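A quick write-up on the structure given underneath.
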Amino acid sequence: MKDNYNYIEKLITAAISKDEITGASVCAAHHGRIIYRECFGYRDKENRLPMEKDTIFRMFSMTKPITAAAAMILTERGLIRYTDPVKYYIPAFEGMTVEDEKGTRPADRDITIRDLLSMTSGLVYPEDNPAGCRMGGIFDEIKRGNASGKQLSTMEIANKIGRSPLMFSPGERWHYGTSADIMGAVIEAVSGMKYGDFLRKEIFEPLGMEDTGFYIPREKYHRLAQIYERKENGLVPYEDFHLGLTDYKAPPAFESGGAGLVSTIDDYLKFGQMLLEGGRDILSRSAVSLMTENMLNDVQKEYAHEWDSMKGYGYGCFMRILEDRTAGGYLAGKGEFGWDGWTGNYFSADPENDLVFLYFIQNCGAGSTDLMQRVKNIIYSEIL
């Protein structure tokens with residue numbers, strides 16, 4: 001053994017001392033056995049509450065891979081197909097339009113389940129373009145409803161998005177957006193269950209993910225990590241609600257399939273390990289194999305590679321899949337897959353090396369960070 005693990009502590013404690021992060025939780029499992037598990041700094045710096053093994057994190061976009069697994073459960077049961085138009089399940093997606101700088105026109109074709117899972121649907125998040133501005137209006141309405149006590153449900157929001165224009169016709173390119181939120185609504189429509197109930201029954205309870213869901217029971221709420229945002233005077237608590245989410249103190253009406261879950265690093269390890277082991281009792285090995293294949297063509301991939309964190313990767317089922325190890329100097333094996341979240345949470349599963357890696361922080365807009373990649377490479381240096 002090279003005994004490089006001490007470099008992880010040096011890197012993370014240095015980042016904490018420089019006020020780059022307030023705390024972090026890191027975990028890695030090799031051949032199903034935890035080989036590294038440490039917590040650093042604070043989950044709540046102002047109240048001097050330390051980061052702990054059972055700290056609860058807002059998952060944001062790390063909700064998406066769980067939504068993909070839920071979609072595959074329905075695919076295995078013959079209840080949906082990749083080629084199904086979304087309008088079969090949510091009629092508001094009939095007759096979609098595209099709006100851009102040239103104006104508004106009919107979309108070339110319907111959005112399919114595959115378009116959702118590959119982020120090639122044309123659906124966007126709130127952003128500075130015509131379709132993104134209209135999406136911003138929807139999320140403003142969600143936020144107002146949350147504040148007034150008149151929350152919009154998952155399906156009500158899906159219907160509003162279905163009547164909003166796309167950024168481009170389905171399949172034209174890759175663009176990150178609300179596709180997973182719509183996938184969650186499709187799962188509700190097909191299963192006849194609230195999305196959170198479906199996840200609890202089909203994934204969380206079978207895997208023993210006791211701290212994962214769309215809200216936090218009162219007796220666990222003290223374990224929730226504070227989110228931080230960078231201001232001129234350093235990292236300060238983030239007090240707003242991003243992407244239509246709430247304070248997690250009660251079950252929300254909008255169970256966001258793209259961003260709404262909270263979880264712990266140990267719970268998410270169980271999910272990642274399930275995928276690495278070929279689905280265990282949740283999914284078949286063939287379903288996991290399909291989930292972890294690149295779904296993008298070369299043109300779509302060019303758009304995905306505009307993100308530095310996607311260089312060398314394909315994309316499918318709301319996850320990146322490593323295809324070119326040299327593109328970013330990755331020590332991971334070809335075929336490694338995973339995703340990250342808005343606050344800097346990250347997971348990857350590597351079938352070639354039988355490794356699950358997780359790195360959790362809570363910084364606004366962090367995504368896939370340089371520090372995470374350095375820590376991840378150190379883990380690999382110990383097993384290869």
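Note that the structure is a prediction, hence the values are computed from the model and not measured.
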| message | Under the criterion side-chain hydrogen bond (donor to acceptor under 3.5 Å, both in side chains), I'd like the reasoning laid out for Asp54 against Thr264: C-alpha separation, chi angles, the key distance, then a yes or no. | response | CA-CA 6 Å; Asp54 65 351; Thr264 62; over 6 Å; no

| Out of Tyr176, Trp339, Tyr303, which residue meets the ring pair (Phe, Tyr, Trp, His ring centres under 6.0 Å) rule with Tyr315? | Trp339

| field | Closest approach of Met72 to Cys317 (non-hydrogen atoms, all atoms of both residues) | value | SD-SG, 4.4 Å

| said: Tell me whether the rings of Phe357 and Tyr359 are parallel (<30°), tilted (30 to 60°) or perpendicular (>60°). | reply: parallel

| message | Just to verify, which of Ile16, Ile21, Thr22 counts as forming a side-chain contact (heavy atoms from CB on, under 4.5 Å) with Phe40? | response | Ile16

| query | Does a side-chain N-to-carboxylate-O contact under 4.0 Å join Arg223 and Asp211? | reply | yes

| message | Walk me through whether Ser256 and Tyr195 qualify under side-chain hydrogen bond (donor to acceptor under 3.5 Å, both in side chains). | response | CA-CA 9 Å; Ser256 167; Tyr195 185 45; over 6 Å; no

| request: May I have the step-by-step check of side-chain hydrogen bond (donor to acceptor under 3.5 Å, both in side chains) for Thr343 and Gln362, ending in yes or no? | output: CA-CA 5 Å; Thr343 51; Gln362 292 282 269; 2.9 Å; yes

| request: Go through Met59 and Ile66 one step at a time and tell me if the side chain to side chain contact (heavy atoms under 4.5 Å, CB included) criterion holds. | output: CA-CA 11 Å; Met59 289 292 97; Ile66 293 176; over 6 Å; no

| request: Considering only NZ, NE, NH1 and NH2 on the basic side and carboxylate oxygens on the acidic side, decide whether Asp324 and Lys311 come within less than 4.0 Å. | output: no

| task | To the nearest 0.5 angstrom, please state how far the CD atom of Glu172 sits from the CG atom of Leu166. | result | 10.0 Å

| field | Ionic contact status for Glu52 with Arg43, cut-off 4.0 Å | value | yes

| request: Using side chain to side chain donor-acceptor pair (under 3.5 Å) as the criterion, list what pairs up with Glu229, not counting sequence neighbours. | output: none

| query | Taking everything shown except Arg77 itself, do over 12 heavy atoms lie less than 6.0 Å from its CZ? | reply | yes

| request: Check side chain to side chain contact (heavy atoms under 4.5 Å, CB included) between Tyr7 and all other residues, then give those that pass, not counting sequence neighbours. | output: Asn4, Lys10, Ile378

| task | Before giving the answer on side chain to side chain contact (heavy atoms under 4.5 Å, CB included), spell out for Arg81 and Ile113 the whole-Å C-alpha distance, their side-chain angles and the decisive distance to 0.1 Å. | result | CA-CA 7 Å; Arg81 297 177 65 233; Ile113 299 296; over 6 Å; no

| Interatomic distance, Ile182 atom CD1 to Met155 atom CE [nearest 0.5 angstrom] | 8.5 Å

| query | Taking the six-membered ring of Tyr221, is NZ or CZ of Lys249 closer than 6.0 Å to its centre and within 45° of its axis? | reply | yes

| message | Could you check whether atom CZ of Arg325 has more than 12 heavy atoms from other residues, nucleotides or ligands sitting under 6.0 Å from it? | response | yes

| task | Assign the ring pair Tyr5 / Tyr36 to parallel, tilted or perpendicular, where the plane angle (0 to 90°) is split at 30° and 60°. | result | tilted

| task | Might you confirm whether atom CG of Asp128 has over 12 heavy atoms from other residues, nucleotides or ligands at distances under 6.0 Å? | result | no

| side-chain hydrogen bond (donor to acceptor under 3.5 Å, both in side chains) evaluation trace for Ser309 with Ser368 | CA-CA 6 Å; Ser309 64; Ser368 181; 4.9 Å; no

| note | When rounded to the nearest 0.5 Å, the distance separating NZ of Lys87 from CD1 of Ile111 is 11.0 Å

| said: Apply salt bridge (charged side-chain N to carboxylate O under 4.0 Å, His left out) to residues Asp340 and Arg320 and explain how you reach the verdict. | reply: CA-CA 9 Å; Asp340 53 77; Arg320 56 173 65 85; 2.7 Å; yes

| query | What residues form a side chain to side chain donor-acceptor pair (under 3.5 Å) with Glu99, not counting sequence neighbours? | reply | Arg134

| field | Atom pair CZ (Phe204) and CD (Glu202), whose distance is rounded to the nearest 0.5 Å | value | 11.5 Å

| message | Assess whether a salt bridge exists between Asp266 and Lys53, defined as any Lys/Arg side-chain N lying under 4.0 Å from an Asp/Glu carboxylate O. | response | no

| query | Under 3.5 Å, is there a donor-acceptor pair between the Tyr380 and Asp350 side chains? | reply | yes

| request: Flag yes if more than 12 heavy atoms outside Glu46 fall under 6.0 Å of its CD atom; otherwise flag no. | output: yes

| Any idea how Phe360 and Phe57 line up, ring-wise: parallel (<30°), tilted (30 to 60°), or perpendicular (>60°)? | perpendicular

| field | Trace of the side chain to side chain contact (heavy atoms under 4.5 Å, CB included) decision for Arg58 with Tyr248 | value | CA-CA 9 Å; Arg58 299 160 180 86; Tyr248 299 97; 3.7 Å; yes

| Atom pair CZ/CD1 of Phe60 and Ile227 - distance to nearest 0.5 Å | 4.5 Å

| request: Would you please say whether a donor-acceptor pair under 3.5 Å links the side chains of Thr178 and Asp181? | output: no

| Ion pair present between Glu277 and Arg280, side-chain N to carboxylate O less than 4.0 angstrom? | yes

| Charged N to carboxylate O under 4.0 angstrom, Lys301 versus Glu323? | yes

| note | Sequence neighbours excluded, the answer for side chain to side chain donor-acceptor pair (under 3.5 Å) partners of Tyr346 is Lys376

| message | Does anything in residues 64-117 form a ring pair (Phe, Tyr, Trp, His ring centres under 6.0 Å)? List the pairs, not counting sequence neighbours. | response | none

| message | Under the criterion side chain to side chain contact (heavy atoms under 4.5 Å, CB included), I'd like the reasoning laid out for Lys201 against Met193: C-alpha separation, chi angles, the key distance, then a yes or no. | response | CA-CA 10 Å; Lys201 177 185 176 184; Met193 303 171 66; 4.1 Å; yes

| said: Please enumerate all residues that pass side chain to side chain contact (heavy atoms under 4.5 Å, CB included) together with Ala253, with sequence neighbours excluded. | reply: Gln151

| task | Count the heavy atoms belonging to other residues, nucleotides or ligands that lie under 6.0 Å from CZ of Arg105, then report whether that count exceeds 12. | result | yes

| task | Verify the neighbour count for atom CG of Asn6: are there more than 12 heavy atoms of other residues, nucleotides or ligands below 6.0 Å? | result | yes

| request: Decide, yes or no, whether a salt bridge links Asp140 with Arg144 under the criterion of side-chain N to carboxylate O below 4.0 Å. | output: no

| query | Among Tyr313, Trp307, Phe168, whose ring pair (Phe, Tyr, Trp, His ring centres under 6.0 Å) with Trp174 holds? | reply | Trp307

| field | NZ/NE/NH1/NH2 to OD/OE distance under 4.0 Å, Arg173 and Glu306 | value | no

